[in-house]
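Reviewing the structure listed below.
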Amino acid sequence: MNKISVFQFFLGLFIVQLGFVYISLPSILVTEAKRDVTIIFILVIILYGCILTFYNRFYRYFLVHSFFKWLYVVYWSINVIVLVVSLTSTLKRWLMFNTPALVIIVLILLVCFYGVVSRAETTINIPVFIIPLIVIFLVTLLRVVPELRVYQFFPLFDSTKGEWLRGFLFAWYAFMGAELFLIFRRYVIKKVTVKSVAVFVSIIGGMHLLAIIITLLYFPRVETKEILEPLLYILNAQEVMFLKRLDIFFIYIWFIWSVVAILYYLLAIKIVTKMDQKKRKNGIWVVLLSSIAIISVNLVNIEFILMIKDYLVYFVIVFSFLLPISIIIFNRARRKTCDTDSFS
């Protein structure tokens, strides 16, 4: 993989962490943390900023060899499966009602196959074209501001201890994929400053916080738990002169950035396994993506989506934060650093 700019680096991580969770995370957090969700999430944003600053300072000590390399490959493959299942489930409920799940999954993975067998730069450059779509998404979402019930913010500090703990736990879904910072950081041409990290954390944290606030103030508390994708519901309720169903347009936007998030996980697998150096790399990708398709098609149901959201967050915390921090501390104690080709 060639060197990338600071902008490409952060833009890719931004798309990964926006990913499929953006439309569903507000419902989870508001349901679990109640009115104090904004306070809890701001604290998590601050802590996440500290962790990324730590990653940026010591990324050279993140060596992924042998056992841990394959552990991450399995974890990223699981993330891809969850992404594909969530994408397919949402598309079937909101748009492609009569389309077989297998057809949707095959279409998603065909796009992913093209991305992973192409040069890494193909995946790296795609997010640039998504920026205008995200801006349109945000501007349209802000049209709902006059309908928000500001009084639903209060009273603050009304949540129980258990709600605070669950809110703090599930808030880490917003920063799923943080370990990719360590994978791609070594390919950045210029120095990544603390200011750059702070700006990135403020933007991605602000995006999620905006979605949480809108969800908290738009829906009565009793309804939030019943709505899996509150942002799509809000967009569906908006009326514009030139489009009958506004939510359909934004489902496509969300679909595009979610597929790019999948591509980044597959690119991480490609990097750590040195797939480009293998003789039958295309065949290996066919086997891997076919396996993902077979597993995914059997999991496309609402019960799986509801079940996985209670458990996947523990894997996110371990693989995105606890394990990388432990590896960095261990290797720093041994004074063992890595270079761009240190995956083996």
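This one's a predicted model, so the numbers in the text were calculated from it and none came from an experiment.
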Would you call [X] and [Y] a side-chain contact if the rule is heavy atoms closer than 4.5 Å?
{"X": "I214", "Y": "P26", "answer": "no"}
{"X": "V188", "Y": "K3", "answer": "no"}
{"X": "Y75", "Y": "L71", "answer": "no"}
{"X": "L228", "Y": "Y233", "answer": "no"}
{"X": "M176", "Y": "L312", "answer": "yes"}
{"X": "M307", "Y": "N301", "answer": "no"}
{"X": "T99", "Y": "L91", "answer": "no"}
{"X": "L87", "Y": "I262", "answer": "yes"}

| task | Go through the steps to decide whether Y61 and I327 satisfy the test side chain to side chain contact (heavy atoms under 4.5 Å, CB included), and finish with yes or no. | result | CA-CA 7 Å; Y61 295 98; I327 291 173; over 6 Å; no

To the nearest 0.5 angstrom, please state how far the [atom1] atom of [X] sits from the [atom2] atom of [Y].
{"X": "I105", "Y": "S296", "atom1": "CD1", "atom2": "OG", "value": "5.0 Å"}
{"X": "F113", "Y": "L288", "atom1": "CZ", "atom2": "CG", "value": "11.0 Å"}
{"X": "F321", "Y": "W172", "atom1": "CZ", "atom2": "CH2", "value": "5.0 Å"}
{"X": "S5", "Y": "I124", "atom1": "OG", "atom2": "CD1", "value": "9.0 Å"}
{"X": "I328", "Y": "R332", "atom1": "CD1", "atom2": "CZ", "value": "10.5 Å"}
{"X": "N331", "Y": "L63", "atom1": "CG", "atom2": "CG", "value": "5.0 Å"}

Is there a donor-acceptor pair under 3.5 Å between the side chain of [X] and the backbone N or O of [Y]?
{"X": "K270", "Y": "V116", "value": "yes"}
{"X": "Q152", "Y": "R149", "value": "no"}
{"X": "D36", "Y": "F157", "value": "yes"}
{"X": "K34", "Y": "T31", "value": "yes"}
{"X": "Y22", "Y": "M207", "value": "yes"}
{"X": "S290", "Y": "V286", "value": "yes"}
{"X": "N56", "Y": "V192", "value": "yes"}
{"X": "N298", "Y": "I294", "value": "yes"}
{"X": "R35", "Y": "S159", "value": "no"}
{"X": "N282", "Y": "V117", "value": "no"}

| task | Going by the ring-ring contact (aromatic ring centres under 6.0 Å, His included) test, name the single residue among Y55, F181, F10, F175 that passes it with F200. | result | F10

| message | Here's a test for you: under side chain to side chain contact (heavy atoms under 4.5 Å, CB included), which of L83, I78, I81 qualifies with I292? | response |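 Per the side chain to side chain contact (heavy atoms under 4.5 Å, CB included) rule, the option paired with I292 is I81, out of L83, I78, I81.
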
Please tell me whether [X] and [Y] form a close aromatic pair, meaning their ring centres lie under 6.0 Å apart.
{"X": "W257", "Y": "F137", "answer": "yes"}
{"X": "W76", "Y": "Y72", "answer": "yes"}
{"X": "F9", "Y": "F184", "answer": "no"}

| Does a donor on one side chain sit under 3.5 Å from an acceptor on the other, for Q8 and Y187? |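 No donor-acceptor contact under 3.5 Å links the two side chains.
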
| Would S320 and E179 count as having a side-chain donor-acceptor pair, cut-off 3.5 Å? |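 The answer is yes; a qualifying pair exists.
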
| said: Working note: L29 + Y173, criterion side chain to side chain contact (heavy atoms under 4.5 Å, CB included); need CA distance, chi angles, decisive distance, verdict. | reply: CA-CA 10 Å; L29 288 183; Y173 266 134; over 6 Å; no

Cluster overlap [X] with [Y], hydrophobic side-chain contacts below 4.5 Å:
{"X": "L299", "Y": "Y311", "answer": "yes"}
{"X": "L43", "Y": "Y48", "answer": "yes"}
{"X": "L210", "Y": "I212", "answer": "yes"}
{"X": "I40", "Y": "V313", "answer": "yes"}
{"X": "L165", "Y": "L169", "answer": "no"}

| field | Other residues, nucleotides, ligands: >12 heavy atoms within 6.0 Å of R93 CZ | value | yes

Shortest non-hydrogen contact from [X] toward [Y]:
{"X": "F250", "Y": "T140", "value": "CZ-OG1, 3.1 Å"}
{"X": "G19", "Y": "W254", "value": "O-NE1, 3.6 Å"}
{"X": "I269", "Y": "T273", "value": "O-OG1, 2.6 Å"}
{"X": "V260", "Y": "P127", "value": "CG1-CG, 4.0 Å"}
{"X": "A171", "Y": "V44", "value": "CB-CG2, 3.7 Å"}
{"X": "L180", "Y": "A268", "value": "CD2-CB, 3.6 Å"}

| task | Could you check I104 against K92 for side chain to side chain contact (heavy atoms under 4.5 Å, CB included), going step by step and ending with a plain yes or no? | result | CA-CA 9 Å; I104 299 174; K92 281 184 68 64; 3.6 Å; yes

| Can the positive tip of K309 be found less than 6.0 Å from the middle of the six-membered ring of F170, inside 45° of the ring normal? |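 So K309 does make the cation-pi contact.
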
| said: I'd like to know whether V272 forms a side chain to side chain contact (heavy atoms under 4.5 Å, CB included) with W70, so could you lay out the CA-CA distance, the side-chain angles of the two residues, the decisive distance to 0.1 Å, and finally the verdict. | reply: CA-CA 9 Å; V272 301; W70 292 109; over 6 Å; no

| request: Describe, in one word, how the ring planes of F315 and F319 are oriented to each other, choosing from parallel (under 30°), tilted (30 to 60°) and perpendicular (over 60°). | output: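 Plane angle under 30°, so parallel.
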
| message | The criterion is side chain to side chain contact (heavy atoms under 4.5 Å, CB included); which residues satisfy it with T193, sequence neighbours excluded? | response |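 Result, side chain to side chain contact (heavy atoms under 4.5 Å, CB included) vs T193: K195, S196.
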
